[in-house]
J.: 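I'd like to ask you about the structure that follows.
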Amino acid sequence: MPTTLSCTLALPATFRPGDILAFHRRDAHEVAESADAASLRKGLVWNGLAACLALRFEPGRAVAELAIDGAAAAECSARFQAMVRRMLGLTQDIESFERQHRAHPQAGALIARQAGLRVAVAATPFEALSWAVTGQQISLGAAVALRRKLIVAAGVRHTCGLMCYPDAGRVAALTVAALRAEGFSAAKANTLHTLAHLVADGTLPLDAWLHTLAVDDIRNQLLSVRGVGPWTVDYTLLRGFGWMDGSLHGDAAVRRALQALLGAPDRLGEHHARSWLAGFSPWRALIAAHLWAADSALPAHTGSGRRAP
């Protein structure tokens, strides 16, 4: 029997729906997500079942519904609300960040222009982790296309028509050869396949880690998997767990925007970016998100690198 979960969340006066919607509007093909100026529909897997999240922004509030192709337990309502709060960045203490750094000599004006900016979080930690692996060392456009192929290959479709971003079990069911056929490099296919199995069998219980495990422990366990490096972990902690203190100095877009902000004539290396970001701890990832937003406003550029906003 189909089930619908719903919740309504109050939004701060400075909330910027456009930041959240832009994150889910990356793929113009709208295979698994469809967003307009004030709403989002997203296909996802909920407790192993196809589901469709409908999110609508209204003055001062967000209204969310999850239509599940099957029955859901009563306790799912609280988990659903917690998921939506994370996705909207409502657990992020951006007010403290802005108060502390609005007078920063280099970044203060940028923070003021983008006041209220929050980091959109993926529906699940596995979605963030698998997206981070997909985006390693390639351009955003290439990563989006590869992500689309993964979604289609997993083959989970909701009755609304949208495909669903697969859970770890669905990705684990794909062979390395199948992932290679969709365009994943051998290294990425093996890493993604390994991670999916470890998450599916409970060795890496990502959803439980939302509540039970310290960031350093999560980092160490993820880094123990071949093919997972510091950038992938910090990006996963940001987009999957809403952790604001990852140092994304390895991200090409962060360094490019920082170069523009500082007026540096030459490209900045990772050491320079790491040192500059360190001054914003415990919000290094949040200032990186401000740099991502600034980078998107720069003139069109080419090339590749670790950039997976």
J.: Identify the two heavy atoms, one from Ala154 and one from Arg170, that lie closest to each other, and give their separation to 0.1 Å.
T.: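 Smallest heavy-atom distance, with atoms named: CB-CB, 4.4 Å.
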J.: Rounded at 0.5 Å granularity, tell me how far CG in Asp36 sits from CZ in Arg56.
T.: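 Separation between the atoms: 11.0 Å.
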J.: Test the Arg79-Trp46 pair against the cation-pi criterion, namely NZ or CZ under 6.0 angstrom from the six-membered ring centroid and within 45° of the ring axis.
T.: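 Because its charged atom sits under 6.0 Å from the ring centre and within 45° of the axis, Arg79 does stack over Trp46.
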J.: Applying side-chain hydrogen bond (donor to acceptor under 3.5 Å, both in side chains), run through Gln114 and His290 and close with a yes or a no.
T.: CA-CA 7 Å; Gln114 299 175 164; His290 278 270; 2.9 Å; yes
J.: Nearest 0.5 Å, please: how far is CD in Glu270 from CG in Leu277?
T.: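 Leu277 atom CG to Glu270 atom CD measures 11.0 Å (nearest 0.5 Å).
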J.: Can Asp234 and Arg284 be counted as an ion pair, charged N to O under 4.0 angstrom?
T.: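 So Asp234 does not pair with Arg284 through a salt bridge.
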J.: How long is the span from the CD atom in Glu58 to the CG atom in Leu11, to the nearest 0.5 Å?
T.: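 Going from the CD atom of Glu58 to the CG atom of Leu11 covers 10.0 Å.
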J.: Determine whether the side chains of Gln106 and Trp276 contain a donor N or O and an acceptor N or O closer than 3.5 Å.
T.: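 Per modelled atom types, Gln106 and Trp276 side chains form a pair under 3.5 Å.
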J.: Less than 6.0 Å separating the ring centroids of Phe57 and Phe15?
T.: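 Yes.
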J.: What I want to find out is whether Arg147 reaches Glu127 closely enough, with some N-O distance under 4.0 Å, to be called a salt bridge.
T.: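 Salt bridge flag = yes for Glu127 with Arg147.
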J.: Run Val176 and Leu192 through side-chain contact (heavy atoms from CB on, under 4.5 Å) and show every step you take.
T.: CA-CA 9 Å; Val176 171; Leu192 186 56; over 6 Å; no
J.: Answer yes or no: is there an ion pair linking Arg118 with Glu95, defined by an N-O contact shorter than 4.0 Å?
T.: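 Yes, charged N to carboxylate O under 4.0 Å.
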